[in-house]
Amino acid sequence: MADHLHPLRKRRRRRPAVQQGQAGDQRVAVIGLGRFGSSLANELMRRGWDVLGIDNDARLVQRYSDTLTHAAVADSTDPEALRQLGVDEFTSAVVAIGNDIEASILVSSNLLEAGVPNIWAKAVSRQHGQILERLGVPHVVLPEHDMGERVAHLVTGRMLDFIQFDDDYALVKTVAPGVATGMPLGRSRVRSQYGVTVVGIKRAGQDFTYATAETVVEPGDILVVTGRTHAVESFTELA
């Protein structure tokens with residue numbers, strides 16, 4: 001085996017391997033086992049996926065060799081190393097390399113060249129992300145930026161949670177403002193007046209439930225609200 005590639009460290013599978021190309025394929029290669037990559041890999045394992053973890057640091061590979069389906073020491077900037085590991089046969093891969101931008105770009109290029117259809121790549125800056133997008137990486141994530149933006153929304157408003165998806169659409173959890181309480185949602189005209197949709201409600205001591213036009217919101221209720229970002233921001237700041 002080539003010098004840049006160490007044998008896979010294996011653990012017992014919890015279920016039969018899924019043949020590549022079949023519907024429901026749940027195999028993913030995670031390249032880079034730093035904090036972001038290892039956290040992602042462990043969460044995927046928890047959800048029942050088979051994870052091939054790859055890093056050029058033998059200590060990291062040793063650390064996670066017993067928790068991942070496979071772990072390998074390899075130089076992922078070398079396309080031959082990825083080929084020997086069979087990464088070109090995967091339908092999903094994550095480039096979790098952040099600090100070494102050159103390596104991130106090379107690995108992403110290798111995966112694109114190998115024809116891996118679903119690629120997620122971590123970027124450490126908007127400029128880094130733009131380069132990855134220009135390469136053709138389908139999914140670029142900026143975890144530090146996204147987390148900073150999310151926490152800023154939580155700190156500055158009444159939001160209990162904030163998730164932005166698409167360019168200008170958000171899902172938030174917030175304490176019900178007074179303008180939405182004491183009457184059915186259909187009569188409160190939340191959607192027409194504030195441009196948001198209440199999709200769920202959680203009342204103290206009760207389970208979460210989906211909201212309807214007949215749902216009466218009470219003070220202290222927790223609402224799950226969706227809409228354009230500026231609209232949900234404004235709604236959560238109402239008295």
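Because only heavy atoms are used, hydrogens play no part in the values below, and waters and symmetry mates are left out as well, while side chains stay in.
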| note | For V217 and L185, the nearest pair of non-hydrogen atoms, with its separation, is CG2-CD2, 3.7 Å
| query | Once you round to the nearest 0.5 Å, how far does CH2 of W49 lie from CG of L40? | reply | 10.5 Å
| said: Please evaluate residues I54 and V87 with respect to the criterion side chain to side chain contact (heavy atoms under 4.5 Å, CB included), reporting the C-alpha separation (whole Å), side-chain torsions for both, the decisive distance (0.1 Å), and the verdict. | reply: CA-CA 10 Å; I54 305 171; V87 175; 3.8 Å; yes
| query | Looking at R83 and D88, does any basic side-chain N land under 4.0 Å from a carboxylate oxygen? | reply | no
| H139: partners by ring-ring contact (aromatic ring centres under 6.0 Å, His included), with sequence neighbours left out | W120
| request: Please assess T229 against Q164 for the test side chain to side chain contact (heavy atoms under 4.5 Å, CB included), listing each intermediate value before the final yes or no. | output: CA-CA 8 Å; T229 304; Q164 183 158 349; 3.7 Å; yes
| said: To check you understand the geometry: which heavy-atom pair defines the closest contact between V73 and A58, and what is its length? | reply: CG2-CA, 3.7 Å
| query | Looking at NE2 of H128 and CG of N99, how far apart are the two atoms once the value is rounded to the nearest 0.5 Å? | reply | 10.0 Å
| request: Spell out, yes or no, whether V198 and V216 are grouped together once hydrophobic residues are joined by side-chain heavy atoms under 4.5 Å, including indirect joins. | output: no
| said: Between V124 and L142, is the side chain to side chain contact (heavy atoms under 4.5 Å, CB included) condition met? List the steps. | reply: CA-CA 6 Å; V124 295; L142 289 88; over 6 Å; no
| message | Run R27 and D50 through salt bridge (charged side-chain N to carboxylate O under 4.0 Å, His left out) and show every step you take. | response | CA-CA 5 Å; R27 294 192 301 166; D50 287 339; over 6 Å; no
| message | Just so I know, are the side chains of I201 and T215 near enough to count as touching, which here means a heavy-atom distance under 4.5 Å? | response | yes
| said: Quick check for you: to the nearest 0.5 Å, what is the distance between M159 atom CE and T174 atom OG1? | reply: 7.0 Å
| In this structure, are over 12 heavy atoms from other groups packed under 6.0 Å from R35 atom CZ? | no
| Check: D161 and V172 side chains under 4.5 Å, non-hydrogen atoms | no
| message | I need the minimum non-hydrogen distance between L85 and A72, along with the two atoms involved. | response | CD2-CB, 3.8 Å
| So, the side chain of D221 versus the backbone of E218: is there a donor-acceptor pair under 3.5 Å, distance only? | yes
| Are F208 and L171 connected in the hydrophobic side-chain network, where two residues link if heavy atoms are under 4.5 Å apart? | yes
| Shared ILVMFWY cluster between I163 and V225, side chains joined below 4.5 angstrom? | no
| ILVMFWY cluster, L106 and V116 together (side-chain gap under 4.5 Å) | no
| task | Taking the side chain as every heavy atom from C-beta outward, state whether L33 and L68 have any atom pair closer than 4.5 Å. | result | yes
| field | Nearest heavy atoms of A123 and P143, plus distance in Å | value | O-CD, 3.9 Å
| task | May I ask you to test the L111-F90 pair for a side-chain heavy-atom distance under 4.5 Å? | result | no
| query | Are D168 and R228 within salt-bridge range, i.e. N to O under 4.0 Å? | reply | yes
| request: Answer yes or no: is there a side-chain heavy-atom contact under 4.5 Å between V199 and Y210? | output: no
| field | Separation between NZ of K173 and CD1 of I222, rounded to the nearest 0.5 Å | value | 7.0 Å
| field | Side chain to side chain, Y194 and S234, heavy atoms closer than 4.5 Å | value | no
| message | Looking at Q206, I'd like to know if its CD atom is crowded, meaning that more than 12 non-hydrogen atoms belonging to other residues, nucleotides or ligands lie closer than 6.0 Å. | response | yes
| task | Show your reasoning for whether side chain to side chain contact (heavy atoms under 4.5 Å, CB included) applies to E113 and N110. | result | CA-CA 5 Å; E113 191 69 26; N110 290 340; 5.7 Å; no
| From I131 CD1 over to I101 CD1, what is the distance, rounded to the nearest 0.5 angstrom? | 7.0 Å
| Any sub-3.5 Å donor-acceptor pair from S39's side-chain atoms to F36's backbone N or O? | no
| Is it true that atom CD of Q193 has more than 12 heavy atoms of other residues, nucleotides or ligands lying nearer than 6.0 Å? | yes
| remark: Across all chains, not counting sequence neighbours, the ring-ring contact (aromatic ring centres under 6.0 Å, His included) partners of F162 are H153
| task | Mind checking the OG1-CG spacing from T77 to L82? Nearest 0.5 Å is all I need. | result | 8.5 Å
| Heavy atoms, side chains only, cut-off 4.5 Å: are S76 and N56 in contact? | no
| Are any non-hydrogen side-chain atoms of L112 and I119 less than 4.5 angstrom apart? | yes
| query | I105 and L135: which non-hydrogen atoms are nearest, and at how many Å? | reply | CG2-CD1, 3.7 Å
| field | Minimum heavy-atom distance between A176 and T181, given as atom pair plus value | value | CB-CG2, 4.1 Å
